[in-house]
Amino acid sequence: MHCARFVLALGRRDLRRAEKSWPSDVWKRAVRALSTSSATSLQEAVRSKIEPMRAQVHEVRERFGEEVLDACTVNQAYGGMRSLKAMVYETSLLDPQEGIRFRGFSIPECQRLLPRAKPSGEQPLPEGLLWLLLTGEIPTESQVESVCQDLKRRAAVPPEVLRLLDELPHERMHPMTQFSVAVSLLQHESKMAEAYAQGAPKSTFWEYCLEDALTLIARLPAVAARIYRNTFHGGKHVPAEKIEKVDDMGMRLARSLGFELNEFDELMRLYLVLHADHEGGNVSAHAVRLVGSALSDPYLSFAAGLNGLAGPLHGLANQEVLRWLLQMKEKLGNRPMTTENLRELCWETLREGHVIPGFGHAVLRRTDPRYTAQREFALKHLPHDEMFQLVSKLYEVVPRVLEEQGKVKNPWPNVDQHSGILLRYYGLVESNFYTVLFGVSRALGTLSSLVWDRALGLPIERPKSVTTQWIREHFEKRSVSA
Ligand SMILES: CC(=O)SCCNC(=O)CCNC(=O)[C@H](O)C(C)(C)COP(=O)(O)OP(=O)(O)OC[C@H]1O[C@@H](n2cnc3c(N)ncnc32)[C@H](O)[C@@H]1OP(=O)(O)O
Ligand SMILES: O=C([O-])CC(=O)C(=O)O
């Protein structure tokens, strides 16, 4: 049964190739996660998972509810709660050495296992990742097709929202601000807000949350494209007829932005998959969870996540990276891209008191596998691009500089170091826009997780805070009584 579904999901040729080359643990995990439900829609598949998952959580809480998961030191309380295990988030898990796993699958595994665009796509379809994130199962091709059709059906943005977006002061307003406004403008259609107002029982909130999540995800490519074309192309939009027939989200995003190359469609699919989720503690995911815990609907919650993503230490770093790389090229002038010259310019950034964007991470302690996946794309499609060569050379230089500086816990590059030069190569040169693309992708993970927050009935978040005086008195009292 499982194997038959696997054949369906991968195609016979891929299966044969996979059997020969895959480590057996990957093979076993893949077979275990194959879609076993005969669900023909994502909604049906999620529904079938809810009761078993509620039972699992109940059992875990019964058995281990009073165990200590972690202890919080004073330094952690002051230090952004770094590495404190204090939340549960099901859709992905980050290992400091290995990087992200989406429902247990690493990025290369997702690239192998998730269905691709027909006839010759090489990157996984984001709709397949959405199925995986929401259900924990590797979907079949026909299940992914059902998500593609569902999102396509929901993709049109209400004209009154488009009109309001057209009125924003595009030259002065950052695209991320426009994006956050756009998501808030879409909120008036929230099914979850409506159901709550009509007194729907708590046990059903997840259904409305899923409904909102799918509609919002479906509309984000058109919203992003509206912002892009308004801000950088004088409000000249791609005609709707050109988009209507497009079947998948990655290609719809590419085409709505105004890009026609198949390779760029593939880049968008990869981009949407890579940036989707990074466990629960990062600023955008945590903001979505926190705001959602007040039963704010998915639109309000996701707008909060976007506002966090727009910070330069988080998603905005991709914009900062491209600017920094271009500045570096300008400063180099006619000098060659040698280790010594690049080293000097990196130190200049540090001496000015700035961070080197695209390097370091709060959790990762090795090169981000999302960086590696983008590097592989670049090696295949743009190996001679000058900016790619600069990024490659910096891989040899920056970690050493950061190690010499002696402050950072992780000197290696993160996802944001690589994305800008790929976009720029294909003509998407407006770096102010890059974080909007990140946000379109981040909806897949954070909204999937939000659906599960409601399905599991998680309560309002409300950790206890204390003051510096409280800490002093608490520990002084303790040492006197000891
Ligand atoms: C999608 C993403 O969000 S990925 C991250 C994107 N952000 C960036 O690329 C910005 C550059 N990087 C950074 O600022 C940081 O590495 C972060 C924000 C990602 C992680 O921050 P932290 O967990 O606090 O990092 P860490 O514990 O290593 O920081 C220790 C010190 O090193 C500094 N540091 C960390 N990374 C860098 C860097 N790339 N360049 C220079 N200094 C750095 C920190 O600012 C801190 O200095 P301080 O003690 O004077 O305040
Ligand atoms: O995990 C983090 O803190 C930041 C990050 O890389 C992401 O959210 O993608």
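Whatever order the structure lists ligands and atoms in, that order sets their numbers, starting from 1.
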What protein heavy atom sits nearest atom 4 (C) of ligand 2, and how far away is it?
H361 NE2, 3.4 Å
Taking the six-membered ring for Trp, are F179 and F302 parallel (under 30°), tilted (30 to 60°) or perpendicular (over 60°)?
perpendicular
Answer side chain, backbone, both or neither: which part of A362 comes under 4.0 Å from ligand 1, heavy atoms only.
both
Ligand-side contact atoms (ligand 1) for residue partner L350, heavy atom cut-off under 4.0 Å
41 (C)
Selected option - heavy-atom contact closest to atom 8 (C) of ligand 1, from A317, S284, S83
A317
Between ligand 2 and S284, is the shortest N or O to N or O distance under 3.5 Å?
no
Quick test: of every protein heavy atom, which one is nearest to atom 3 (O) of ligand 1, and how far off is it to 0.1 Å?
H314 ND1, 2.8 Å
Which of the numbered atoms in ligand 1 are under 4.0 angstrom from any heavy atom belonging to R82?
22 (P), 23 (O), 24 (O)
Closest heavy-atom contact between G250 and L272?
CA-CD1, 3.8 Å
For the 3.5 Å polar cut-off, considering only N or O atoms, please tell me whether N410 and ligand 1 meet it.
no
In terms of atom number and element, which parts of ligand 1 are under 4.0 angstrom from non-hydrogen atoms of H361?
4 (S), 16 (O), 19 (C), 20 (C)
Minimum heavy-atom separation for R255 to N262, with atom names?
NH2-OD1, 3.3 Å
Could you establish whether E320 and ligand 1 come within less than 4.0 Å of each other, counting only heavy atoms on the residue side?
no
Cationic N near anionic O, under 4.0 Å, D416 to R370
no
Could you list the atoms of ligand 1 found under 4.0 angstrom from a heavy atom of L402?
40 (N), 41 (C)
Pairing of R112 and E109 as salt bridge, 4.0 angstrom limit
no
Closest candidate by heavy atom, reference atom 10 (C) of ligand 1, pool G360, P312, G311
P312
Which residue supplies the protein heavy atom nearest to atom 48 (P) of ligand 1, what is that atom called, and how far is it?
K407 NZ, 3.7 Å
Regarding N230 and Q178, is there a side-chain donor-to-acceptor distance under 3.5 Å anywhere?
no
Kindly confirm or rule out an N or O of I356 lying under 3.5 angstrom from an N or O of ligand 1.
yes
Atoms of ligand 2, numbered as shown, that sit under 4.0 Å from any heavy atom of R370
5 (C), 6 (O), 7 (C), 9 (O)
Provide the number and element of each atom of ligand 2 under 4.0 Å from a heavy atom of N282.
1 (O), 2 (C), 3 (O), 4 (C), 8 (O)
Starting from atom 36 (N) of ligand 1, what is the nearest protein heavy atom, named by residue and atom, and what distance separates them?
V408 CG1, 3.5 Å
Just so I know, are the side chains of Y425 and L382 near enough to count as touching, which here means a heavy-atom distance under 4.5 Å?
yes
Mind checking whether H314 contacts ligand 2 via backbone (N, CA, C, O), side chain (CB onward), both or neither, at a 4.0 Å heavy-atom cut-off?
side chain
Is atom 1 (C) of ligand 1 less than 4.0 angstrom from some protein heavy atom?
yes
Does ligand 2 come near enough to R442 that some N or O of the ligand is less than 3.5 Å from an N or O of the residue?
yes
Close-contact set for ligand 1 against D416 heavy atoms, below 4.0 Å
1 (C), 2 (C), 4 (S), 6 (C)
Looking only at protein heavy atoms, what sits closest to atom 14 (O) of ligand 1 is L313 CD2, 3.4 Å
Assess the pair H361 and H278: is the distance between their ring centroids shorter than 6.0 Å?
yes
Y89/H286 aromatic ring centres below 6.0 Å
no
Looking only at protein heavy atoms, which one is nearest to atom 5 (C) of ligand 2, and how far off is it?
H278 ND1, 3.2 Å
My question is simple, although I want it checked carefully: is atom 50 (O) of ligand 1 less than 4.0 angstrom from any protein heavy atom?
yes
Does R366 come within less than 4.0 Å of E98, counting only side-chain N to carboxylate O?
no
Verify the contact flag for atom 44 (C) of ligand 1, where contact means a protein heavy atom under 4.0 Å away.
no
Answer yes if the ring centres of W412 and Y395 are under 6.0 angstrom apart, and no otherwise.
yes
So which atom in R252 and which in A155 form the shortest heavy-atom distance, rounded to 0.1 Å?
NE-CB, 3.9 Å
Within a distance under 4.0 Å of any heavy atom of N414, pick out the atoms of ligand 1 and give their elements.
4 (S), 5 (C), 6 (C), 8 (C), 9 (O)
Derivation and outcome, salt bridge (charged side-chain N to carboxylate O under 4.0 Å, His left out), residues E122 and R269
CA-CA 9 Å; E122 293 186 349; R269 291 174 187 131; over 6 Å; no
Could R154 and D150 be called an ion pair, given the rule that one side-chain N must be under 4.0 Å from one carboxylate O?
yes
E90/R103 under salt bridge (charged side-chain N to carboxylate O under 4.0 Å, His left out): CA gap, chis, key distance, verdict
CA-CA 7 Å; E90 305 289 353; R103 292 282 190 173; 5.1 Å; no
Looking at K409, which atoms of ligand 1 are within less than 4.0 Å of one of its heavy atoms?
27 (O), 28 (O)
Partner of R442 under side chain to side chain donor-acceptor pair (under 3.5 Å), chosen from N282, T435, D277
N282
For the 3.5 Å polar cut-off, considering only N or O atoms, please tell me whether F359 and ligand 1 meet it.
yes
Within the structure provided, determine whether Q76 and T73 are in side-chain contact (heavy-atom separation under 4.5 Å).
yes
Run the contact test for H275 against ligand 2 with a 4.0 Å cut-off on heavy atoms, strictly below, and give the result.
no
For ligand 1, which atoms sit closer than 4.0 Å to a heavy atom of G358?
8 (C), 9 (O)
